[in-house]
Amino acid sequence: MPGVSVVIPVFNSAQYITACVRSLLVQTMDSLELVFVDDHGQDNAMDVVRQCLQDYVGPKTFRFVKTPVNSGPGAARNVGIQASSGEYLCFVDSDDTLTPDFCESLYTAATQAGAELCCCDIMIGRQTYENPDPSDKRQFLRHFVSYFTTFLYKKALLVENGIFFPPTRSAEDTCFLTACILASNRIVHIKGAKYHYRLNPNSVSRKRSRQRASQRLSSFRHLSRFVRSHGLLRPYCVELTWLFLKKGLAMSLRDLIVG
């Protein structure tokens, strides 16, 4: 069993994906499985991935899977989760990069602490941003920012609690991370920006429309069903209400107005 499976949805990222793949191949952790999920883009990004990997010789393993049709990043990540075999999982967008010690540092911290989740900080453009302390769940939810790609997730946490991404194209990351935070027993945070997020003006997350507003609200309905079925609504009612008002309703209204 690999220590970490890295799930990479691939969609229209041929321009940037070489840097992403190279940052994965130089990871200092050898017990690594790279799961590339083809989400049926219009460019040759998957061909670029295979070209990057063709001369690799080493202990890291690769897996290639597909969504049935173009389904969006949440559904693509779900396919990657199902195909993965690692003890822990992480998710990397195909236009982003990792520092060489990302997987090893988070895995070491998580296993030493017996944690189901471990996160680091993030660099967006040239600016470093710190994650709120996720070990204080109430505080984290009050100051929520969905840097979900900075987290390492124990796969057993997802399987045992039935956690997966809402199959939508908006706020699916927010709702997934919230479910993981609430279901976990131990979370650790290490300092340092080990995930580098590329500011991409063509990113799906930057597009506003009425459909996007509807998708966002659908994601939060998915989260609502999860917290109710796991008995988490009552103990976190205030924080979840605030999260919905901030990340669900307010941003849906913005999508409607701008779209």
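We count residues from 1, following the sequence as given.
Side chains of S170 and Q215: no donor on one and acceptor on the other come within 3.5 Å. In this model, no donor atom of one side chain and acceptor atom of the other lie less than 3.5 Å apart for T149 and D93. Using modelled atom types, one finds a donor on one side chain and an acceptor on the other under 3.5 Å when comparing S85 with E33. Checking D121 against N131 by side-chain atom types alone, no donor-acceptor pair falls below 3.5 Å. Looking only at atom types and distance, the side chain of S218 has no donor-acceptor partner in the side chain of T168 under 3.5 Å away. Side-chain contact of R228 with S224: a donor-acceptor pair under 3.5 Å is present, judged by distance alone. Remark: the Q139 side chain and the D133 side chain contain no N/O donor-acceptor pair separated by less than 3.5 Å. For the 3.5 Å distance criterion, the side chains of D95 and S13 fail to qualify, holding no donor opposite an acceptor. The closest side-chain donor-acceptor pair between E172 and S219, if any, does not fall under 3.5 angstrom.
Residues passing the salt bridge (Lys or Arg N to Asp or Glu O under 4.0 Å) test with D43: none are found, sequence neighbours excluded. Remark: T128 engages no residue in a side-chain hydrogen bond (donor to acceptor under 3.5 Å, both in side chains) (not counting sequence neighbours). Every residue meeting the salt bridge (Lys or Arg N to Asp or Glu O under 4.0 Å) condition with R142, not counting sequence neighbours, appears here in chain and number order: E239. Considering only residues two or more places apart in sequence or on other chains, R225 meets the side-chain hydrogen bond (donor to acceptor under 3.5 Å, both in side chains) condition with none of them. Every ring-ring contact (aromatic ring centres under 6.0 Å, His included) that F220 has, sequence neighbours left out, goes to F244. E130 is linked by a salt bridge (Lys or Arg N to Asp or Glu O under 4.0 Å) to K191, counting only residues two or more places apart in sequence or in another chain.
Aromatic ring centroids of Y153 and F91 lie under 6.0 Å apart. Centroid-to-centroid, the aromatic rings of F102 and H196 stay 6.0 Å apart or farther. Aromatic pair F226/H222: ring centres not closer than 6.0 Å.
Results of the side-chain contact (heavy atoms from CB on, under 4.5 Å) test with L89 over V4, L158, L157 single out L158 as the only residue that passes.
Within the cation-pi definition used here (under 6.0 Å to the ring centroid, within 45° of the axis), R50 qualifies as a partner of F64. Figure legend: cation-pi geometry between R138 and Y236, with NZ or CZ positioned under 6.0 Å from the six-membered ring centre and within 45° of its axis.
Below 30°, between 30° and 60°, or above 60°: for Y129 and Y147 the angle between ring planes is between 30° and 60°, a tilted geometry. Aromatic ring pairs are classed by plane angle as parallel below 30°, tilted from 30° to 60° and perpendicular above 60°; the pair Y107 and Y88 is perpendicular.
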Derivation of the side-chain contact (heavy atoms from CB on, under 4.5 Å) call for K194 and D101: CA-CA 8 Å; K194 299 181 182 299; D101 64 337; 2.9 Å; yes
List the steps and the verdict of side-chain contact (heavy atoms from CB on, under 4.5 Å) for V159 and F164. CA-CA 9 Å; V159 174; F164 57 92; over 6 Å; no
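At distances below 3.5 Å, not a single donor-acceptor pair connects side-chain atoms of D39 with backbone N or O atoms of P9.
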